[in-house]
Structures are given as C-alpha cells and as structure tokens.
Asker: 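I have a structure I would like to understand better, so I am pasting it below and will then ask my questions one at a time.
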Amino acid sequence: MVGNVFIYYISSGEIKVNGLVPYENRKENSMHMGVVFGQRSQLYWDIPVEETFELFKKMYRIDEKRFKENVEFYVDLLEMGDFIRKPVRTLSLGQKMRANLTVALLHDPDVLYLDEPTIGLDVVVKSKIRKFIKAINKEKGTTVILTTHDMNDIENICDRIILIDQGQILYDGRLADFKENYGKQYTMMVQFSDNNIEIKDSRFNILKEDGQFKWLSFLKEDITVAEAVNYLSRNYNIIDLSIKEPDIEDIVRRIYENKIAL
C-alpha cells in the first residue's frame, strides 16, 4: 500500500532514502517509511479503528510488545480513546487524520511523509496535529518530510524548509535563517490622535490610510523596530500601535510575486 508512493522512475539525477534507491528497493524502503495523505485514507471504512491497527500489525510484522506500546503511546498522545472502537465511517475528519497518523507510525518508520496533513481540519485539531508531529520527531527521532500550502504548518513544525518553483530548488536551509535573510519588511498599524497626519520620513512606506489609522511598512536594514517606534512616538501623538513581523506566507508570496533571486 504505502510502497505506491514511489511509482515513477526519476528522469535525471539520483535519490536515496537511508541508502536505498526507492524504485529499486520498494518493499524494503516501504518497511522504513510511513505515509499520510490529507485527501486519502489508509483506514478501512466499516471496521473499528483498533481492528485497522491489527491489520497493519500483521502487514508490517510488528511484534506484540512493540505493537502494544505504540498503540498506547499514540492513542494517549492523540487523544483517541473515545473513538478507537468506533467504525471509521462514523468518525470526523480530524479523528480520521489522527487514526491515519497512528497507522503510519505503528511500525516505527525512520521517515514519515506527510502530504497536506492539516487540510480541511478545524483550528483546534490542526494545533493537536502540529504538536503531535513535533512530539514524535523529538520522542522517537522520526524524520518528517512535510508538503503543504499552509504556511502555519511550516511556522509551527519545521526547522528546515525547501522552496521549489517550476521544479527548481530556490532555497534549502534552516527556517530561522530564511526568515532572517528574507523577512526584512515589517508592518505597523498606528492610530494617531489626528486624522491629517503626514509621515515625512522616507524610511516608512504608507500601505493604507483610514482616518486616524495608518498602516506603514519599513525595512529593518533601513530602520530598526526600536527606532521606528521612537521616531513616531517622539514626533506624533499616538493612541495605539502594533507591529507585525514578517511571517512565512508574506515572505514566500513576495518571493514568487517579485521573482526575487535567493
């Protein structure tokens, strides 16, 4: 089942996972990996979740002790006690995703591939899934490769990101370095005491105005946050002020829209 992830031969270059070429060692590679698709399920519709676990126990030849320990670990961590004995067809999308994650991890894979794991989930379940992914990476040392269009997944889970455009790698490195190097534009919302305020400092760019409110942007290499706040408070009467750091979505959008070379 999970071996069908690698169904194409590569057109150029080479790829290895734990020293194995996936399309040449499909069965062996599959025994060391887990896969979860946001839009597809490995669960069996008419049987309870715990019976699906038993099927995967046999499929991956998991010994009884390890199987019991893993089920207890994941049921507790993902809070599945209330629905583990229910047929899959009766579960919510979030419950199915938690069960799919457990199925993918029962055999202690070295690598877990997640394709849009939080798609369609509500904010509470998304938070649980993200915390869980970080926990298994820390507790079990599982390498997690995540593909997603949800930038909050990246912000909350990843240490390293790979940015791809038209099959070309634009960036491959630490998330913290990516934000430091390319997240240079800050946004500030300021409520002034007056409606007719003119910002004369060219380091600020006015994005939007609405009466007493102005939305400004500035680059950190032009002016620091402390200097920006100090300048505005010294020269104008301010009622309220908030600053938004650049997030991953802002940075990625700017890179793609402006074709910024990394």
Side-chain angles (χ1 to χ4, degrees), residues 1-7 26-27 29-158 249:
M1 181 178 294
V2 291
N4 288 335
V5 172
F6 298 103
I7 59 175
R26 290 180 61 176
K27 287 186 178 180
N29 181 60
S30 296
M31 295 300 291
H32 294 280
M33 60 181 265
V35 179
V36 177
F37 298 99
Q39 297 282 29
R40 296 176 61 187
S41 177
Q42 299 184 84
L43 306 175
Y44 291 85
W45 190 249
D46 290 315
I47 64 175
V49 173
E50 63 181 359
E51 291 185 26
T52 297
F53 294 168
E54 288 286 343
L55 286 172
F56 276 79
K57 172 191 172 186
K58 293 180 173 61
M59 185 185 301
Y60 285 99
R61 303 180 181 89
I62 307 170
D63 66 73
E64 186 63 38
K65 182 175 181 294
R66 182 166 63 139
F67 175 74
K68 184 177 179 182
E69 288 174 351
N70 281 350
V71 169
E72 289 177 356
F73 176 75
Y74 293 122
V75 167
D76 178 58
L77 196 59
L78 286 167
E79 302 174 14
M80 298 194 301
D82 292 340
F83 62 84
I84 192 172
R85 293 181 175 83
K86 293 182 179 179
V88 170
R89 67 175 182 275
T90 67
L91 305 185
S92 68
L93 183 61
Q95 290 170 334
K96 289 174 188 172
M97 179 52 67
R98 283 182 274 170
N100 270 301
L101 283 166
T102 301
V103 161
L105 289 161
L106 281 176
H107 60 297
D108 290 328
D110 298 314
V111 184
L112 175 65
Y113 298 92
L114 301 176
D115 180 36
E116 303 283 2
T118 63
I119 191 168
L121 303 181
D122 64 52
V123 291
V124 175
V125 177
K126 279 188 179 185
S127 177
K128 288 181 179 179
I129 297 297
R130 289 166 181 159
K131 287 178 181 176
F132 169 76
I133 294 168
K134 292 193 74 170
I136 60 129
N137 173 254
K138 181 180 179 181
E139 297 290 329
K140 289 182 172 285
T142 307
T143 297
V144 180
I145 297 180
L146 167 72
T147 61
T148 181
H149 289 89
D150 189 330
M151 298 298 108
N152 287 321
D153 284 349
I154 296 171
E155 290 267 16
N156 287 281
I157 297 172
C158 301
E249 187 165 345

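Keep in mind the model is a prediction, meaning the values are calculated, not measured. Along the sequence shown, residues carry numbers from 1.
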Asker: If you take all heavy atoms of V75 and G81, which pair is closest and at what distance?
Answerer: CG1-N, 3.7 Å
Asker: Applying side-chain hydrogen bond (donor to acceptor under 3.5 Å, both in side chains), name anything that partners K128, two or more places apart in sequence or on another chain.
Answerer: E79
Asker: Quick check: are there more than 12 heavy atoms from other residues, nucleotides or ligands sitting under 6.0 Å from CG of D82?
Answerer: no
Asker: Over all heavy atoms of both residues, which pair between I129 and M97 is shortest? Give the atoms and the distance, please.
Answerer: CD1-CG, 4.0 Å
Asker: Mind listing the closest non-hydrogen atom pair of N152 and N156 along with its distance?
Answerer: O-ND2, 2.7 Å
Asker: Nearest 0.5 Å, please: how far is CZ in F73 from OG1 in T102?
Answerer: 10.0 Å
Asker: Can you name the side-chain contact (heavy atoms from CB on, under 4.5 Å) partners of D46, sequence neighbours left out?
Answerer: R89
Asker: Run the side-chain hydrogen bond (donor to acceptor under 3.5 Å, both in side chains) test against T118 and tell me which residues pass, sequence neighbours left out.
Answerer: D153
Asker: For the residue pair E116 and H149, what are the closest heavy atoms and their distance?
Answerer: OE2-ND1, 2.5 Å
Asker: Locate the shortest heavy-atom distance separating Q95 from L91; write the atom from each residue and the value.
Answerer: OE1-CA, 3.4 Å
Asker: Measure the spacing between CE of M33 and CZ of R26 and express it to the nearest 0.5 Å.
Answerer: 10.0 Å
Asker: With E50, which residues qualify under salt bridge (charged side-chain N to carboxylate O under 4.0 Å, His left out), at least two apart?
Answerer: R85
Asker: Please name all residues satisfying side-chain hydrogen bond (donor to acceptor under 3.5 Å, both in side chains) with D115, sequence neighbours left out, ordered by chain then number.
Answerer: T147
Asker: How long is the span from the CD atom in E72 to the CZ atom in F67, to the nearest 0.5 Å?
Answerer: 10.5 Å
Asker: Applying side-chain hydrogen bond (donor to acceptor under 3.5 Å, both in side chains), name anything that partners E69, two or more places apart in sequence or on another chain.
Answerer: K65
Asker: Please enumerate all residues that pass side-chain contact (heavy atoms from CB on, under 4.5 Å) together with L93, with sequence neighbours excluded.
Answerer: L121
Asker: Between E64 and K57, is there a side-chain heavy-atom distance shorter than 4.5 Å?
Answerer: yes
Asker: Atom CG in L114, atom CD1 in I157: separation rounded to 0.5 Å?
Answerer: 7.5 Å
Asker: Checking E155 now: which residues fulfil salt bridge (charged side-chain N to carboxylate O under 4.0 Å, His left out) with it, not counting sequence neighbours?
Answerer: K179
Asker: Does the side chain of L55 reach to within under 4.5 Å of the side chain of I47, using non-hydrogen atoms?
Answerer: yes
Asker: In a table with atom names and distances, give each donor-acceptor pair under 3.5 Å that connects a side chain of residues 131-146 to protein atoms at least two apart or in another chain.
Answerer:
{"from": "N137", "atom 1": "ND2", "to": "T142", "atom 2": "O", "distance (Å)": "2.9"}
{"from": "K140", "atom 1": "NZ", "to": "N70", "atom 2": "OD1", "distance (Å)": "3.2"}
{"from": "K140", "atom 1": "NZ", "to": "D108", "atom 2": "OD1", "distance (Å)": "3.4"}

Asker: For the CG atom of L106 and the OH atom of Y74, what is their distance to the nearest 0.5 Å?
Answerer: 7.5 Å
Asker: To check you understand the geometry: which heavy-atom pair defines the closest contact between R130 and D150, and what is its length?
Answerer: NH2-OD2, 3.4 Å
Asker: So do F53 and V103 actually touch side chain to side chain, heavy atoms under 4.5 Å?
Answerer: yes
